Each structure stands twice: as C-alpha cells, then as structure tokens.
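Only one structure is covered here, and it is reproduced in the block below.
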Amino acid sequence: MEKVLLGTTETPSPNREVAVRYVLLPLLPMIFGILLSGLNMCMGGSATSCEECLLIHPSCAWCAQEDFGRGRTLTSRCDFSQNLQKRGCESQFIEFPSSSTSVLKNVPLSSKGSGPTQYDVTQIMPQKISLSLRPGDQTWFEVQVRQVEDYPVDLYYLMDLSLSMKDDLDTIRNLGTKLAQEMGKLTSNFRLGFGSFVDKNMSPFSYTAPKYQENPCNGYKLFPNCVPSFGFRHILSLTDKVDRFNEEVQKQMVSRNRDAPEGGFDAILQASVCKERIGWRKEAYHLLVFATDDVPHLALDGKLGGLVQPHDGRCHLDGNNEYSASTMMDYPSLALLGEKLAENNIYLIFAVTKRLYVIYKNFTALIPGTTVEILDQDSKNIIQLIINAYNVSKGNMCLRALWRGVSVSLCDGQPLPGLRKCADLKIGDTVSFNVSVEARSCPPRGTDQSFTIKPVGFKDRLEVAVDYRCDCSCSRTARANSSICSSIGTYNCGTCRCEPGYLGARCECQEGETSSMYLSACREAEGKQVCSGRGECSCNQCLCYESEFGKIYGSFCECDDFSCARHKGILCSGHGECHCGECKCHAGYIGDNCNCSTETSPCISDDGQMCSGRGSCVCGRCQCTEPGAFGDTCEKCPTCPDACGTKRYGCILIVHTPKLKKKRNIKQKKQKRKY
C-alpha cells in the first residue's frame, strides 16, 4: 500500500484540539518514560537480514562489516546509523538508503491557450518525474499549475425535460446566442452542445400503462400533451455554430415521469464517457451544465424496478443517440460519476433551484471538480449562473491523484483546512502544491508502479514513475560457497546463509543425526524453547539477542536485567538492581519490588513509643491497629480509654447545671428588650 499526500498542513478545529489534549495528557508520562528508557525499534525487530532491517523503520540502518559484533552476545547489525558507528561499524559498510526524486520532463508553463500554439499548451510543471522510495520514508516535490489565458472552452448543456421544467425550456430557446456573446468575453474559442433527460421508462419511475406509452400526459388537465419518457438523449454535439443550439432547443418538448426524482445521473455519466459522440476536444476546458428542479435517483434505486446489474461506466448511445441501457442497468454511484468526470477532465456545474441547493452542495463534497449554483424557477438567470460557475471553476484549483489515499491541504503556502483546492485565483496565476509521497511496503518484484497527478478539469497531468529502495547494495556482492561461511553458505551483507543441513554463525555445525544433541545443549530443560526463545543456538552455545530494554544473559539466555517487579513504573522502585528476574534490594529496603523501607525512625512518636503503642511500623510507616487511632504515629485517638491520661493538660470537667443555664437565658432576653 502506498500513500500520497498533496500538501501536509491542516489547521485543527478548537474542538479537535481539546479532544487531542484530553487524549494525550494522560499518556505523556508513558511517552516520556519510553523516550527515557531509550527504546530502539531497529534492534527490537530482531531483523536477520539487511532487507528485513530496512522494512522496520526508515531510520534503521544495517552494518555489513564482516567482523562486526564478535563475542558471546549476538550483536544486532540493525540499529540507528549513529549507534552502529559508535559500536565500531565503519561508515562504508553501513546500508542506509533514503528516498529521492528525479525530474525527467520539465517543459515551462504556457501563458496563452488559443492561437497557433493551442495544441501544445502546458499548464502543469513538471510533466514527468521518477521517485525512488524507501518504505516508510516520505519524499517531497513541488507541482506548479497555471491556468492559461484564452483557453478553448467546450460547454455541454444537459437539461431536465420533465414536465415541471416546461417554463425553463421556454426561457432557454435563445440561450445559445446570448451565452456565446458572454463567453466570447472570456475565450475566443467556444463551442456549445445540448442534451436532455427525464428518467428510466419503466415502472415505478415512469407511467407504463398502454394509454401512456405515446403520451404520458394523457388525462393530465394542466398539460395534456407531452413526449414519451426517456433516460438520456444526446441532441447536439459540441459546435461553434450557436444558432444550431437555438434551433434544436426550439424543437424540444417536455415529458412526464411518475416519481419526483429524475434520472439525471444516468445522463451525466453518458455525457462524460461518450466523448466522440459529444465531441469533447482534448485541448479544451470541459464544462457540463446540469439543470434540474428535483433530486436525482442514486445507485441501488434501480432495484425498485428490478434492475440489479450495477452500472458498468461505459457509453451506451444507440443509433438515435439515446441511452440504450436505461432499462437494463442501475443508476451510477457518486463514486463512479466522480471517477468518470475526472478521467475525462470534465468540470460539472449543478444548476438547481433554491430548495435543492443544500442537497447538491453535499454532492459537490463527494464529487471532486463540481460546483453548485442556484437556478431561478424559470431559468432566467442561467447565463449569469454559467458565467459565475465558470469564474468559480477558474478561481479554484483542485489537484487529484489517480492513486490511493489522497489529501490536499496546501496552496502557495496558505493552508485550507479540510480542502484539496486553492481558491480566489485569477487566470494566469501560478499555483504551487507541495506533494508528499510515502511507500508503506514493498510491492512484488516486477510490478509496474506509477500514478498520475492532475488538476481537476485539465487535460494536463504529471506522470510519476516509482521504484522502491527495498534491496541493499551489499546484496549485489553476495558470495555463494564463501570460505567465510565454511564454503557451505552464502556470505551476504556480513552474515552467512547456510545451506540446508548446516547451522552456526559461520555454518560450522552440521545438522542431521547430531542436530538434536546441538539443540538440547541450548535448552534449559526438556520441552523448553531453544535459548529461552531469546537467542540463537550456535554449536552447543546460546548467543543471546541484544534488546533495547536491557541485557539478556545466561547459559540459556534465561536471564535479563529488566524483567523485574516495578513500583509506579520504576524498576525495583529505584532501590534495587534487577538480576535474572529478581530485584536485589539496596540496604534499607526489602520486598519484591524493593519499595519497602526498613527504616523505623519515622514511626517513633513524641513519647518515644513505636507508633504510640497503637500500631506497628511497616515499610517506614505506622499502621494503626487500635480502633479510633490515627495520625502519622497513631498519636491521635479520641475514643481510646486513656485519652485523658495521655492528654491530661488538655482535659476539662464539664458540669451540667440546667437551672443556671435557664436563668442566664432569662437575663439575656431582658437585655434584648432594653435594646
């Protein structure tokens, strides 16, 4: 799996920041503890080859030096580069590849779109690069995009011709001429096309009774005559003869379907993928205007009519330029629409009535390269709507990577949180995107790995070829039957890979009849793991692994200096040493984790007794056993029998004299009356 990030900065919301604080604050002690303990993921991975080491983490390096790590301990050749050098590995033997970028094609950006150079316009730079990726390691490169002036524009007007759109149809009958005049202010090379849609001509989406076959409006008093329902009909291919647009629109009549939702998404997909029929030019900016006054049917709605076959994303226009698979396949999904729009460089404009604005606004968040504008009830504002949408599309720049895991959040150094585009741009502006690419793993050998980055709605694209730094350079000089490996193994990157039947660091031991003898010598007892599972058996002898937690030792690697009891996360409470799983406490401390002090002076009370004679001293603190006793030395005990004996100077004699108390109360009342 790979990950492509277009930009890297995202400004978190206040709520998100608070949530992050509450999650991270309790974890800070643990995080600092891990950092202080010096954890080393490279050594902890127990890599046995250079290639395995490189996959653990991009900060890991491998030492291929032959005499590295000789001794009783099995020294890990996989470690941080600086650690390997400190441990005696010379720099020329350290394998530490990193990701890199090479630019293969870098034609400068163009400034003008029309004229003699319109077929050779460049709007993205560079055009081709090569990436060399080490798994887990990110590499960065910059992509520049410029929208050139006077670029050719193809606009296909896709209209809902259901009965509720009758007044809109009357409004746009002369749309072609007026729209061409306005678009002529933006480009000198403009073409216009037209198509329409209603819905699938089948139950329950349309009226299917025999009396409605030729006229679905039969019996409808408000509008008694209309044409049969249809899924999508391509009427006029893209042309610069705008009068043709007016002529074709004049011929159109509305139809009638049964339910409120329309089959518009069927029409959008056909208008996107039937490139030759529609007439989309490669060298033009593609605009698809979708005008409707109701919601669309979505994928799985077709099951209501018994359509279980998903849409195949292909063109299905028959000889009459009508959608022939309307009653055979389900409606397309939002994901399929987005994919086909991007493949064919089409910028979709939803022109919808005000009550539908929020619904279609939500669609734009799911389909890259789309915008939504509010259409008047009779489409009177359609020209201004198209001009506004065109300016918005040109004012926004959105990058799309045709690969996995994409996120865009940086534009000319200004982050747009949660977005993958730059806004408020002018034609001719150059936009810079920072692109980060990370390989998460190594693909199978021989697999073609490449991807494409392109601005939505543009034909221009950046081709990115990828190769992976998954192999070590020292593997190229691997020597079979090397004398270093007793001539029965392959010497590769400082280690021996023994032939079957041989083992040992230098393949010096032979398996077979004596193999059980060799292995049994490395087991502490019958049935236990070889070298306690924490080392390798090499010729009757355990070579213990190195660990980032501490030292592993013992004849069978059964001991270490880190697997002892802890108190509050501190090994042996900080008052002892860990030896083979047992805390050896310093003087003055006892207990499994050495947290119990043998000092008794804190338990001596003021009268010289141990815990005032009311308790016992445990681990340097009094544990009071006398009921009612408390305090650091159990010195407080109001309910003890000898309370006055121990606190003789504080005792007072209370004599109850009810009569005196009554007289005193009378006297107080008289005094109150005086005031």
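Fair warning: this is a prediction, and the values are worked out from it, not measured in the lab. For the numbers below, each heavy atom of this structure counts, side chains included, while hydrogens, waters and symmetry mates do not.
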(message) Please give me the minimum heavy-atom distance between C507 and Y502, naming the atom from each residue.
(response) O-CD2, 4.1 Å
(message) Within this structure, what is the CD1-CZ distance for the pair I453 and F433, rounded to the nearest 0.5 Å?
(response) 10.5 Å
(message) Nearest 0.5 angstrom please: W62 CH2 to S475 OG, how far?
(response) 10.0 Å
(message) Give me the atom names and distance for the closest heavy-atom approach of P135 to C470.
(response) CG-SG, 3.8 Å
(request) Apply side-chain contact (heavy atoms from CB on, under 4.5 Å) to D561 and F549, showing your working. (result) CA-CA 8 Å; D561 60 0; F549 299 106; over 6 Å; no
(message) Could you check whether any side-chain heavy atom of L84 comes within less than 4.5 Å of a side-chain heavy atom of F96, counting everything from C-beta outward?
(response) no
(message) The test is side-chain contact (heavy atoms from CB on, under 4.5 Å); show your working for F93 and E66 and say whether it passes.
(response) CA-CA 9 Å; F93 294 108; E66 179 186 346; over 6 Å; no
(request) State whether a side-chain donor-acceptor pair under 3.5 Å links Q85 with S91. (result) no
(message) For the CG atom of L298 and the OG atom of S333, what is their distance to the nearest 0.5 Å?
(response) 9.5 Å
(request) Mark yes when over 12 heavy atoms from residues, nucleotides or ligands other than R621 sit less than 6.0 Å from its CZ; otherwise mark no. (result) no
(request) Could you tell me whether the side chain of V464 reaches within less than 4.5 Å of the side chain of L131, counting heavy atoms only? (result) yes
(message) Could you measure the distance from the SG atom of C578 to the CG atom of L571? Nearest 0.5 Å is fine.
(response) 5.0 Å
(request) Determine yes or no for a side-chain-to-main-chain donor-acceptor pair under 3.5 angstrom, with S49 supplying the side chain and E52 the backbone. (result) yes
(message) For S487 and N481: C-alpha separation, side-chain torsions, deciding distance, then whether side chain to side chain donor-acceptor pair (under 3.5 Å) applies.
(response) CA-CA 4 Å; S487 300; N481 300 321; over 6 Å; no
(request) Show your working on side-chain contact (heavy atoms from CB on, under 4.5 Å) between I604 and Q609 and close with a plain yes or no. (result) CA-CA 6 Å; I604 305 299; Q609 297 186 74; over 6 Å; no
(message) If only side-chain N and O atoms count, and only distance matters, is there a donor-acceptor pair under 3.5 Å linking Q138 with S436?
(response) yes
(message) SG to SG below 2.5 angstrom is the rule I want applied to C572 and C583. Does it hold?
(response) yes
(message) If I compare all heavy atoms of Y491 with all of Q65, which pair ends up nearest, and what's the gap?
(response) OH-C, 4.5 Å
(request) Write out all pairs satisfying side chain to side chain donor-acceptor pair (under 3.5 Å) with one or both partners inside residues 581-595, taking only residues at least two apart or from two chains. (result) E577-H586
(request) Hey, could you give me the CZ/CD1 distance between F141 and I129, rounded to the nearest 0.5 Å? (result) 3.5 Å
(request) Side-chain contact test, heavy atoms from C-beta onward, threshold under 4.5 Å: evaluate it for S616 versus C611 and give yes or no. (result) no
Distance-only check: which donor-acceptor pairs under 3.5 Å involve side-chain atoms of residues 622-634, not counting sequence neighbours?
{"residue": "T625", "atom": "OG1", "partner": "R614", "partner atom": "O", "Å": "3.1"}
{"residue": "T633", "atom": "OG1", "partner": "E635", "partner atom": "OE1", "Å": "2.8"}

(request) Check salt bridge (charged side-chain N to carboxylate O under 4.0 Å, His left out) between R534 and all other residues, then give those that pass, not counting sequence neighbours. (result) D560
(message) As a quick check of understanding, evaluate side-chain contact (heavy atoms from CB on, under 4.5 Å) for N492 and R479, giving each step before the final call.
(response) CA-CA 7 Å; N492 185 21; R479 301 194 300 272; over 6 Å; no
(message) Would you say CG of D607 has more than 12 non-hydrogen atoms from neighbouring residues, nucleotides or ligands within 6.0 angstrom?
(response) yes
(message) Can you tell me if the gamma sulfurs of C472 and C50 sit closer than 2.5 Å?
(response) yes
(message) Quick one, F363 and L334 - any side-chain contact, counting heavy atoms below 4.5 Å?
(response) yes
(request) Can you run down the salt bridge (charged side-chain N to carboxylate O under 4.0 Å, His left out) pairs that involve residues 131-142, sequence neighbours left out, and say none if there aren't any? (result) none
(request) Spell out, with a plain yes or no, whether C42 and C60 have SG atoms under 2.5 Å apart. (result) yes
(request) Tell me yes or no: between the side chains of S573 and H575, is some donor less than 3.5 Å from an acceptor? (result) no
(message) Looking at C89 and C63, is the distance between their SG atoms under 2.5 Å?
(response) yes
(message) So does T490 get a backbone contact from the side chain of S482, meaning a donor-acceptor N/O pair under 3.5 Å?
(response) no
(request) Kindly write out the residues that satisfy salt bridge (charged side-chain N to carboxylate O under 4.0 Å, His left out) with E524, not counting sequence neighbours, or none if the list is empty. (result) K528
(message) Contact between L133 and R469 at the side-chain level, heavy atoms closer than 4.5 Å - yes or no?
(response) no
(message) Test of understanding: with salt bridge (charged side-chain N to carboxylate O under 4.0 Å, His left out), list the residues that count as partners of K636, not counting sequence neighbours.
(response) none
(request) Kindly confirm or rule out an SG-SG distance below 2.5 Å between C557 and C531. (result) no
(message) If we count only N and O atoms by modelled type, under 3.5 Å, do the side chains of T101 and T139 hold a donor and an acceptor together?
(response) yes
(message) If you compare all heavy atoms of C474 against all heavy atoms of E95, which two are closest, and at what distance to 0.1 Å?
(response) N-OE2, 3.0 Å
(request) Look up atom SG in C544 and atom CZ in F556, then write down how far apart they are to the nearest 0.5 Å. (result) 10.5 Å
(request) Compare the SG-SG distance of C594 and C585 against 2.5 Å and report whether it is shorter. (result) yes
